[in-house]
Structures are given as C-alpha cells and as structure tokens.
> 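Starting off with a structure, shown below.
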Amino acid sequence: MMMEKKYGVEVSQKEAEEIKSTIRTAYTRLIAEYIERMKKGWPNRPKVMDYFYEIADFKTREKELIEAKKEGKKVIGYTCMLAPIELILAADAIPVRVSSGWYDPAKIGNRVVPVEVCPVVRSTIGVALVGLSPFLELSDVLITPLTCDGMTKLSEIVGDYKPVWTICPPRLKSMDQAQAFWREQLIKLKEEIERFTGVKITANRLKSAIKLTHRATRTFRRLQNLRKGRPVIMGRDAMLVNQTAMWDDLERWSMKAEELCMELERRAKENVWACSPNAPRVMITGTPIIWPDNWKLPNLIEEAKPQGVIVADELCSGDRFLYDPVGVDEGTMDDLLDAIAERYLLPSTCPCFTSEKGNEDRVNWLVNRVKEWNVGGVIYYVYRGCMLYAMEYMRIKKALDQLNVPVYYLDTDYTREDVGQIKTRVEAFLEMLEARVEI
Amino acid sequence: MIVAGIDMGVQNIKIVILHDREVIAKSIIPSGFEPRRAAEKAFEEALKEAKLSLKEIQHVTATGTGVEMAPYADSTISMIAADAKAGVFLYPSARTIIDVGAEESRVVVCDEKGTVLEFAINERCAAGSGAFLEAMARALEVRLEEMGALSLEAKGTVSINATCVIFGETDVVSLIHKREPKHEIARAIYDALADRITSIAHRVSIRPEVILVGGVAKDLGFTAALKRKLETEIFVPENPEYAGALGAALHAMNKAGGR
C-alpha cells in the first residue's frame, strides 16, 4: 500500500527508464575508470585489494542482497552514520548506507528541492525518484537520523518512496537529558525493527551483533593506525576499504581487511612503501566523500604533481565510520542499550552538534589526528549547500593555525566541471607543503 | 643568463624575459580562441623587443589557467607560487600578494623568500574578479577605463551586493532608475568587488606589506576601495598584470641555475 506522496513529485516510467539507463551506463564506465586509476597509482598493491575493488563495483553486493531477500532477510538502509547498525544486525537484517555519491542524479533532485540544497540530499532524492540506486531500491525501510536540516527534509521526501524510521539526536549532546532523550529513541527504533523483522532482539543477539562490530572496529582502527607511519597504503585505497564497510557483509569485510592489515604490517617492517615516503601528508576534513563520484578530490591529491598522500580524514564517510567501539559487550539489555546510545552520540564530531564550548569534539579529533598521524596540511572540503561544515571553517582554521598546520578551504559541488580548477588549487597546496618541508 | 616566463591567462597572455634579474622585454596579447597561437605571437613580440632568438632563452616556465597550452615550456609553476615569487621580487617586504585577474582572484601569504605559507582563491564564481567590473561598467554605460576615476568623485552613499555578476547588473540598473549619480554607483561597484576580495583575504592571515597585482590592480577605483576595506596600505607595482609571468620567469631562473 502506497501512501499519498507528501511532496508529490513523480517521474514518468518512460523518462525514469531513460535516465536510469543513461546514468547506469555512465557510472559503470566511471567506476571502472576510477578503479583502474587506483590500480595504476599503486602498482605493488596487495592482492587482497582486488576484493575491495570488486565490492566497490556495487554489483556483487547487489546480487547478494537480492539473494538474501529471497531467503526472507530484510535490508535496512540508513542515510547517516548515526544509525546504530548493531540493532539492525541483532535482528538478522542487513544494514546498508544509502546516501548518494553520484553527481548526475542531483540534477533530478533539483525537481524537488532548489539547487542551494546539499548535493548529497539532492542526489539521494534524485536516485529515489528514478529508482537508480541498487541499495536504496533494495532497502525495505530506511533509518533517517535528523542530524542537519538537509537530512531532516530528506527524511520526509524519501518517505514518499520508502517507509522511514526517524531518530532525532539532541544537538546539545552533553546536556543532562540528552542521553535519555536519545536512548528513548533507540528503544523505539529497536521495537520498530523487531516488529518489522519479526525477530526479538534479545540481549544475547545484541551481544553477538556488538561482537561483530567490535571485530570490524578493531580492524578498522588497525588500518588507520597503519597510516600513521610512512605510507604503506595509498590514501584513496584506504578510504575505499573504509567505505566498503558501509555496504559489505561486515564479517567478510573484517576478514578481508585483517588480511590486508597483516600484509601492510609486513610491508611496514620491510620498508615497502606505496609511494614516496616524502610525499606531503594530507588530511581531509569536511563534507562526506562518498564513492564513486566524490573520489574526484582523493584522485586529484594522489595523482597530482607533486603527489600527495592522504593519511587521515575526519569524514563520516571515512575514518569516523567504524572508529569508535560500543563500550561493552556484556551485561543486561539496559547496559547494552546505554552503551550503544553513547557510542553513536558522544564521539560524533558532526557540526550539527554544539556545546558550551562549541563543537569542541571535532577540534579535538582534528588536533589529535594532525599530531599522531603527522599531518602536513589539511584540505577543508565543502560542497555547496552544507551550511554546517562551511560555517565551522574559521574555528577549525584557528585551531590548526595554532598547530602551524596549513589548511586550504576547497569549495566544490556535485559536478565534474571544476576538476581543472581544483587540480590547480590542490597542486599549489601540495607544492606549498613540499616547500615547507624543505624549510 | 636569459630566461622567460609565460602566463597563460583567461583573457590575456603575458610574457616576461629576464636577463639575470632584470626584465629586458615583455609582451601582452589577448588569448582569443587560439591561446597557443596567441602565445607564440606573444613570444615573437617579446623576443623582438629583446633582440633575441628563441634559442637564446635558456629556460621557459609557464603558469596560468591555460598552462597546458603554453608553447616552449620547460617547466610549469602554479599561479599561487608565481604570485609569491613576483611579489617578493618587486617588494622585498611583501608578505601578502593579492592578485585580481579576469576570472580569478587570489590572496597569497608568503615568507621573505617568496615561499607560500597560505593562500585562498575566490569561490567558483566570477563575482570576485575582473569580469564583474566589466559587466558592471557595461550596465552603467561607462568605459571601464573611466569608471575608476569616476568613482573617486563619490562619497559613498549607495551600495550593491556583489554575490553574482548577473544580479549585480540588475542592482546597478535599478540604481540607475532611481537616478542615483553615476559616480556613486561606480563607487558602489568597486566597494562590492573589494568586499568580496576582503572576505577571501580573511580566509588567510594577511600580514603587511600587502601588494596588489593582476590586471584589475591598474584600476584606481578598485585599489582605493580595497584600501578602505582592508584598512591597510596597499602597494601596486608598475605593470601589475605581468606579475604571474614575472614569477614564472623567476622560477625559470632558478631552474636554469641562475640566482
């Protein structure tokens, strides 16, 4: 049963099919090209990277999800990393992040919202309108955390195409009532998931789910720690490994990522580098960089002259995704839920949060990364339409100035037409970092 | 030692030929639809002025938006690095170089050696560049070369908002309809551009001395407005439009092993 559409925008079957076929063809080519470029940029990569390239192609996972659904499994999509995947896993359902990293569908999203709106939101609306994204289409229901304004309205709009469960994080996360407010919503979400899947989420089931994400988190951290030293992995490859965790089977992902880490640790001992150890060490912060189109920036940094290497990021689509573990994997249901609520709220550095000291958690994360990962320069990446990241720039710049680490504000959009312009800027920034090292 | 720098700008191609640290020739030619051919012609002119042949140039460094189309280039350098090198060469005490070109504006902070420490560039929009002035002069029906002097007669009684070239024109037209004096509108136009440049400048930590280069630096109306907004002294070198080419030539000098 389909409810009446609140926003009422529809695309005719014929047009949708046309758009779908054009964009799909273009993207099959684009993904193949980007993977080819990554392979070329890291000729001595470990063999296991081929696994992640395959998962990056979406198709393998799409087939698996179709099979799983045939067996009666539910797929639960989510638009933002504040959605607690442990609750999904505990109900034997499959979590998958559905925010769109494709540029072209943003144009279709413009039929519903103005161009000033965040392009991730516009693109996600676009793919929903024409049924373009395999993961969104396969999702039986979506969890939509109401973090920023864009995500809040996106929740309503995609609600025209899929059932949605909203969860609303408190913007003042340190407030006394905040944790209780947030926990309340996760309990409600848990009940929704139970009703929908018909699986009762027992403490034991939740513990197993936490154990699974713990394993993933351990591996995830291990990989990021490997990026502290001289480069054993190209940054864009590490970013891709990180991101595939958002749609891959988490257990298999952990296994493959462990294999990768083992090989990289061996290489670190044997001084086998992925690129020149003198390459400027770059960190990216700002709006989420979502595969595949958003690889525009990582590609430019690591293919530039002089070549840079991305050693860390502060992105919800990257280093932040699995970095923090749920605090406990034992105890009563109450303990477990407390721990899950904390895990998703407290460590988040998203600029939708504030406190008496502003978004200090983000500043601390960045300062720590800069020091521990030996970052030479930071690229502050903002696509037009993300007010929160754009507005927080001056504060972050001030903090980085105090560390004497240069930061470059790079504004862009969901478009390929500014590649030339960005290339010039990125190369000038890397040139500058190189010159600083020489001083 | 003789070297050359070429700046492949959006609107004009500029060439500077250096003999050691002295500029011995320069040329400027509109980029047109065939920038490569225009660049070759610019070389011809500069070489003629220097009474040299191409073979006698030991190294050519290219910079600018169209850098990939530059002929004879032995090396390239970013526009940001070129600005810093030229700024410190022209004024040894320069630490901030503001370059306002036809379609791009940059603010570069550097040290005494001309090494870039920080930079910012206008957002993806022509409202922060020379193109804005051209469009506004058209709307105001004055020649761009006259608009600067005209604006200096104004006291500052009206303002416009340069968020977009297209809407800026609408703003100007409505001021004309309100019968605001032309010189006041002219000043408002310069203030609007200077506001944009100031907000770019505040993205970095600007420090004295501040040097203004690029084609727009020749416009008295703009330099006056920028001084007002930044509340600081601003130095404009002779021939500011050659800064990029000069920076490239200085890089060529280093590459060729000169001082």
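Every chain is numbered from 1 and lettered A, B, ... according to where its sequence line falls, protein lines coming before strand lines.
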> side-chain hydrogen bond (donor to acceptor under 3.5 Å, both in side chains), that's the test. Do Glu427(A) and Ser78(B) meet it? Break it down for me.
CA-CA 7 Å; Glu427(A) 292 196 334; Ser78(B) 71; over 6 Å; no

> Is it true that, when you exclude Lys39(A) itself, more than 12 heavy atoms of the residues, nucleotides or ligands shown sit nearer than 6.0 Å to its NZ?
yes

> Near Lys228(A) NZ, under 6.0 Å, is it more than 12 heavy atoms from other residues, nucleotides or ligands?
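Yes, NZ of Lys228(A) has more than 12 neighbouring heavy atoms, counting only those of other groups under 6.0 Å.
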
> Counting only heavy atoms from other residues, nucleotides and ligands, does the tally under 6.0 Å from CZ of Arg416(A) exceed 12?
yes

> May I ask you to check whether over 12 heavy atoms, not counting those of Met391(A), lie within 6.0 Å of atom CE?
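Incorrect, the count does not exceed 12.
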
> So which part of Ile80(B) gets closer than 4.5 Å to some heavy atom of chain A, the side chain, the backbone, both or neither?
side chain

> Please list, chain by chain and in numerical order, all residues satisfying ring-ring contact (aromatic ring centres under 6.0 Å, His included) with Phe43(B), sequence neighbours excluded.
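For Phe43(B) the ring-ring contact (aromatic ring centres under 6.0 Å, His included) partners, ignoring immediate neighbours, are Tyr72(B).
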
> I want to check something: taking the side chain as every heavy atom from C-beta on, are Ser205(B) and Lys397(A) in contact at a cut-off of under 4.5 Å?
yes

> Heavy atoms only: give me the nearest Thr424(A)-Met79(B) pair and the separation to one decimal.
CG2-CE, 3.4 Å

> For Tyr393(A), is it the side chain, the backbone, both, or neither that has a heavy atom closer than 4.5 Å to a heavy atom of chain B?
side chain

> With sequence neighbours excluded, tell me which residues meet side chain to side chain donor-acceptor pair (under 3.5 Å) with Thr349(A).
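Only Glu314(A), Arg320(A) meet the side chain to side chain donor-acceptor pair (under 3.5 Å) criterion with Thr349(A).
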
> Minimum heavy-atom separation for Ala435(A) and Thr115(B), please, with both atom names.
CB-CG2, 3.6 Å

> Within the structure provided, determine whether Glu118(B) and Asp401(A) are in side-chain contact (heavy-atom separation under 4.5 Å).
yes

> What is the distance from atom OG1 of Thr65(B) to atom CD of Gln421(A), rounded to the nearest 0.5 Å?
8.5 Å

> Flag the pair Ile121(B) / Arg425(A) as yes when at least one side-chain heavy-atom distance between them is below 4.5 Å, and no otherwise.
yes

> Does atom NZ (Lys229(B)) have a neighbourhood of more than 12 heavy atoms from anything else shown, all under 6.0 Å?
yes

> By a 4.5 Å heavy-atom criterion (distance strictly below it), what part of Lys398(A) contacts chain B: side chain, backbone, both, or neither?
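Neither the backbone nor the side chain of Lys398(A) comes within 4.5 Å of chain B.
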
